[in-house]
Amino acid sequence: MDPTERLRRGFQKIFQSNISSLEQEMRTLLHYSLQCEVLDGTENLRSKVQEVLETVLDGGEDACQELLDNLTKNQHLFPRILHILNMGGNDKAMFKLLAEDLGLGQFVQDKLTLSKVQSIICEEPRVASCRSMKDIPMSFLRHLMALNAQEAFRILVVNHDCTLEQDTSGNISGSVHPFDVFCCLLHCSDNFLRQEIISRMSMWRVPVPLLLPPGEEPHSTFLLWAMRGITKSNSSALTEDCVVDMSLPVFSFVSLGDYRYTPIAKIINQILSPNQQRDENELWHRATSWDDAPRCISDGLVEISWFFPPDQGNLGPLEKPFAMMNLHGDLQSNIRQLQFLTRVSSGMFIFMENVTRQQWDLVLHSLDKSKNYYFIFQDQITHFYRPICLDENVLLQSDEKFHEKLLFILKETIQSSDVRMTLGEMSVEVSKLNFCCDENQTGCEYGRLQALDLINDVVEAKIIDKDLTKMAKMTHLQQAFTYLSTRERQYFLKWMQFQKLLSGEAAQEDVLRMIGQMYEAGRTDTARLCKNFPKAAVDLLLQGFPLELIDGDTNSIHLRWVSDVLSELNTKTKGKCRMKVISVLGVQGTGKSTLMNTMFGLQFPVGCRQTTHGALMSLIKVDEKDLGCDYLVVIDCEGFRALDNASVEESYEHDNELATLVVGLSDFAVINMALGSTSEMQNILQIVVHTLMRMKGNGQKPSCLMVYQTMEGERSEDDSMREDGEMLHLGSHINKSSNFFPYNDMIEFRILEDVWIIPPFDLKTTYYSEKVIELRKHLLQMIKYQSELDTLRNVQTFAEDIRVLWNSVKQENFFFRFKNILERDIYTELYERFLELEWNLCKKMHRWWVHKEDQLLQQPSGDIEELIQDVLRMLNEEAKMIEDSLQVYFTDSSENTNSYITKRFEDEFREKMQSLKSHLETEFTDKCLQKRVLQFGLAGTIVNDFIQECGLDEATSDPERYWKDSVTKYVSAIEKYHNVEEEFLQLLRKDMKTKGISVTGLHCNDKYINKSWVLEKCNHMENCEACKNKRNNISRFLLEKSSMYVQTVVESKRAYNPVYGMTLLKMVNDVICEDTMPYTVLFELDLKLYILAQSAPHFQKMHDDFLRGCKACCVVNQEKARVLHNLRGILHDKRVLQSYCQNYLKLGVEQKVKKMFKEKLINDYAGYVCTVMRSRQNLMRCGHHPPVDDTAICSRFTEENEIRGLITNLVSSVIQDIVEILNRSDVLESGNIENLVASVWSVLDEERSSVRGDISGQSISITSLNIHQCAYHLEIFVRELEIQFQEELISKLMKEHFMECPCLVWRH
């Protein structure tokens, strides 16, 4: 390029820009090279330099070369001018200079990232407002991330509207076009930050960049990837979709010539919102009005915005959605942008003013004649615009119906045009024009392909229930986290968020959750691929991606996964990872995630289709050394009281557990509350504070900030503080009643400084973001102050805190189930009452059993079966009294205001009572079995049991099997082993359940308790010497009393009973409850543990000795043959008796019943007939002659139910007579089975003679059973005969009766 052209092109770019450093060099150029006086005004400077340049250009090529040589010799004075001249005045040179002036030079190559912006947000601004151009981009980003549109745009507007002061570097600051700042910032941002910037801008309903002018690259960039973060709601279709996938008509708005009137964007806004009294985006429209101002790199910027009709109740002038594009800059210098707009638009509006013929011809050549073009002039049209500009496609802004006509064109075009395109389809047209697309960057397409492969894996495996076995087959997921680069992995996760997965969305946290679950499962077949998962997770965490701390599916912490990730973080940061942890809690839908995203620029999921599950953790690198830490960890937990929980009880337990975990890990807990959710959060916080105290101080001591989101007038600040004061009153309640740790040792809260009232989230105002920024400043100040006082946690400490707190939470199985402290107190009262009733029942049953044992010792022949019945009767009576007592309690409570809470626990305690009753039944039945064996021996007991077995069934028909089953039953009952130490601990857990100390893992042995403690000191006492003495005296008293009790019980040599441990605990409880001096729960725990530890070995030895005595009675191997012989003999006798009943007694009973039936029937019939005849004769004497009706007589004696009842009664009568004979003492005293049988036949009278031929010579051969046992089994078989024989005999006699009915015979 010749020197003349170099100077012309280079200085043309210089004159178009407002770069302050170039203005300084131009002053130097005039002063030193051209010996011109120093000028004060920028306008005079530019005009003077332009005059000098024209003089040089007029001097020809030699003059131009001389100027270039002079500039080169003094290149240290003119580096920027020389840079532009050497590069021919192209856009790349201007971009780099602008980036340097804006303080973005370091990000031209190494792009600005979201994590870096998050770090900048946490830095305290050096100055209150922008002092130089270098302050503009970061100040804009601060307010952009805080969703403060007005302040973000104001920074750009003020920069352009006023002269800025001189900055500290000595450079004279100037102004720069707002769109130059914005374009430069987008060029210096990576794809992910660019997407976040544009996504947040779209929330304010302002146009967002679609086609970015060239920066370092030679061509414009189509921002397709950046658009994927924007979703819009279509009210008419009730859907929310990504704008990239929406096929909509597009209208383009461009300008040609010297257009200096109303900004195009403002005209569009006025048309679409004609009744809007206040323009919410006025500052942005002011920025769009600077099209006549000098530009550096933003010429050719194409913006896009969308219109969606309002809801059905408030329809506007347009009823269908569409998109609008606006080109900044003149069409003459942006022909390729014009070609792009022409291809994608349904209609194009060209604003024209002072257009030259050359400009018109150039543009006219680029227009597609098949498209709809509309030309807009201010007040008149020039003749050479014909014939394209016809009356129907020309609008005048001076026309009072201009807006109405423009609106009509939009409506008609939307209805008639077939041109509808998605942004994805537009990217095809972009490539044809050789524009760049941001999705062509390295890693983006590869990440998309990996995401599609993973979706195919999921669909094929049908992973709906998070089956780890199926997840292990997801090779693409494993490979993505093993082999992809950090950048590719970021794209992969983002693509997963954008792609549809089955019926929902595959969000980032869902994929990371799968990774964590897969790693935690520790499958050997995936170990090789999974080993790099923690490293990949750390890379994502450092790039601003949230990581799941608490699994949203299982509501648990995967300790191995989390620990390994944090260990890798420590390695990655080389141990420089001192941290402070901030958490946010709140009821579902109160804007917790939005608050954190606004405060720190984070990416927690928000919106109607995205909610947080479990708890997510984000990491922010802090560059500000004054904060005293290297990183901020921000935890966003799942919203409480979610509607999708299965039940209220599950909701309480889940929410309380989650809140305790999050608060316990935090240095600062932000409690977010909206109107209507305050009471729920107060309930949860009460549980959290109490639970942390129950855990003996595990976890941090967080500082709490109460944030109320309320509308002005709904809630006053005084009301807020008053409610907070009422809530925090629980602190004194804790200190007085529970004696755990002081309340302030658990949570720090200052009612005047830590209560914040902010308006609900609303993009239409700046109040929300301004308050959030104030809250952030306050929070950062608290972090700075606390860092100066406390020791900071590192990664290892944080990981250990997670492990300890999670284990403590898992052990806590009492507190989390309650909604609030009131419920806990009511349950505790009921629970302690039940324990008292349980103790009374167990004590009474034990005393009663001891009395019965003494009786059996005095009367060894006592009936064990009768003892069992007495036990069950006694237990039922006592249990009934307890049930009645509980019923009285619940009935009395129904009159209380909190009766609904008591009612909720009624079923639970009734079930506890039934469980206790069943347990005691089993316990005392086993004791009776023990007594039976000790009395008769195991062999004799089994024989006696076999004799007493009723009937002959499968179990009693096999002596070998009966022996085996009986031995198993008795040995398990007699030799039942009690681990006294473990049972004592179970009793202690039950006793201390409501008092806040978990005894899981403790052991009742001397190693746990220091014996010198009892006599010297207690670690949980106050320093008061009098208190120490009194407690030591009480300790000695309880130890002596418990020792005497243990000695008395052991000397009794009875079987071990759990009531002994209950008695020891009752001793301690009674003394502590009666004492006026308060005792800490830890003191109570230590004392009970010590007493139980001292007693357990004695009770264990007593139990072991008792077992040895029982085992001596269970040596049965040498008895087996004899017992089996006896069982077989008894079985033979039973079968003989059963056969005799079936074959002989059955016939006798049948004959007896038949005879009785006929006699009864004939006698009753004859008597009834005589009665009827006498009645008829009496009527005839009186002159009446009634007709003879035999139907009534016959029906009386042929009614089936009456006959059936008669037969049933007769059979029962005969059987009962036989049973009475079998139980007569005079019959049994004979001792002869034949006499017994003869006595039975005596009941049947002469019926024996009728069947004598059948039983002639028959005798009953009994070898093993005595006469009492024979009578017992005969009674059983006779009663079985009654049941089997009754229906058979009824059927038989009924048939004979209807054939031989006296009524029928008489009539015949």
Side-chain angles (χ1 to χ4, degrees), residues 640-641 645-660 679-695 727 729-731 733-740 808-841 882-916 986-1000 1062 1065-1066 1069 1072-1073 1081 1084-1085:
F640 304 135
R641 304 301 189 250
N645 280 331
S647 65
V648 174
E649 288 76 9
E650 289 183 8
S651 173
Y652 294 157
E653 185 170 355
H654 169 267
D655 294 349
N656 294 333
E657 180 178 308
L658 183 61
T660 302
S679 61
E680 294 290 354
M681 280 309 303
Q682 290 176 353
N683 291 336
I684 292 172
L685 286 179
Q686 291 176 12
I687 298 295
V688 169
V689 174
H690 277 70
T691 305
L692 290 176
M693 292 180 175
R694 285 166 60 88
M695 293 176 181
M727 185 199 73
H729 177 67
L730 66 95
H733 170 71
I734 295 171
N735 290 333
K736 290 179 180 178
S737 64
S738 301
N739 291 295
F740 292 104
S808 297
V809 167
K810 286 193 299 183
Q811 294 172 8
E812 175 56 64
N813 57 3
F814 173 70
F815 230 90
F816 292 143
R817 61 177 298 189
F818 302 111
K819 178 180 179 181
N820 52 32
I821 297 302
L822 177 60
E823 277 198 5
R824 190 286 311 265
D825 291 342
I826 292 175
Y827 183 91
T828 300
E829 178 185 351
L830 184 55
Y831 182 82
E832 292 176 352
R833 182 181 182 88
F834 178 79
L835 288 183
E836 185 71 23
L837 295 173
E838 179 184 19
W839 153 250
N840 288 331
L841 175 60
I882 293 180
E883 291 172 353
D884 293 342
S885 177
L886 287 175
Q887 182 61 44
V888 170
Y889 178 86
F890 289 122
T891 303
D892 293 343
S893 299
S894 62
E895 301 176 359
N896 193 294
T897 56
N898 299 318
S899 60
Y900 69 96
I901 299 177
T902 307
K903 194 69 176 177
R904 180 181 157 215
F905 305 127
E906 182 173 354
D907 292 340
E908 176 184 343
F909 281 92
R910 292 192 185 281
E911 291 177 3
K912 285 181 181 292
M913 186 61 234
Q914 290 300 320
S915 176
L916 174 62
Q986 291 178 2
L987 291 174
L988 183 59
R989 292 186 187 103
K990 180 190 281 189
D991 180 74
M992 302 291 289
K993 178 179 179 180
T994 64
K995 298 181 181 181
I997 297 297
S998 174
V999 291
T1000 303
M1062 297 171 66
L1065 293 174
K1066 190 70 167 54
N1069 289 334
I1072 289 179
C1073 291
V1081 176
E1084 180 181 344
L1085 173 65

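It should be emphasised that the depicted structure is a prediction, and the values quoted were computed from it without experimental measurement.
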Say you draw a straight line from CD of Glu657 to CG of Asp655; how long is it, rounded to the nearest 0.5 Å?
-> 10.0 Å
Mark yes or no: Arg910 above the aromatic ring of Phe890, with NZ or CZ under 6.0 Å from the six-membered ring centre and no more than 45 degrees from the axis.
-> no
Side-chain heavy-atom pair Glu906, Leu886 within 4.5 angstrom cut-off = no
Worked check of side chain to side chain contact (heavy atoms under 4.5 Å, CB included) between Val809 and Phe816 = CA-CA 9 Å; Val809 167; Phe816 292 143; 3.7 Å; yes
Could you walk me through whether Met913 and Leu841 pass the side chain to side chain contact (heavy atoms under 4.5 Å, CB included) test, one step at a time?
-> CA-CA 11 Å; Met913 186 61 234; Leu841 175 60; 3.9 Å; yes
Stepwise side chain to side chain contact (heavy atoms under 4.5 Å, CB included) check, Ile826 with Phe818 | CA-CA 10 Å; Ile826 292 175; Phe818 302 111; over 6 Å; no
Listed by chain and number, what are the salt bridge (Lys or Arg N to Asp or Glu O under 4.0 Å) partners of Lys1066, not counting sequence neighbours?
-> Glu836, Asp1070
Distance-minimising heavy-atom pair for Leu835 and Asp991 | CD1-CA, 4.5 Å
Derivation and outcome, side chain to side chain contact (heavy atoms under 4.5 Å, CB included), residues Tyr831 and Glu908 = CA-CA 10 Å; Tyr831 182 82; Glu908 176 184 343; over 6 Å; no
Salt-bridge criterion met for Glu838 and Lys912 (N-O under 4.0 Å) = no
Ring centroid separation Phe909 to Tyr827 under 6.0 Å = yes
For Leu837 and Ile882, work out which heavy atoms get closest and say how close.
-> O-CD1, 3.5 Å
Does the side chain of Leu658 reach to within under 4.5 Å of the side chain of Phe640, using non-hydrogen atoms?
-> yes
What pair of heavy atoms forms the shortest contact from Glu1084 to Met992, and how long is it?
-> OE2-SD, 3.7 Å
Okay, side chain of Thr660, backbone of Asn656: is any donor-acceptor separation there less than 3.5 Å?
-> yes
Verify the distance criterion only: is there a donor paired with an acceptor across the side chains of Tyr652 and Glu823 at less than 3.5 Å?
-> no
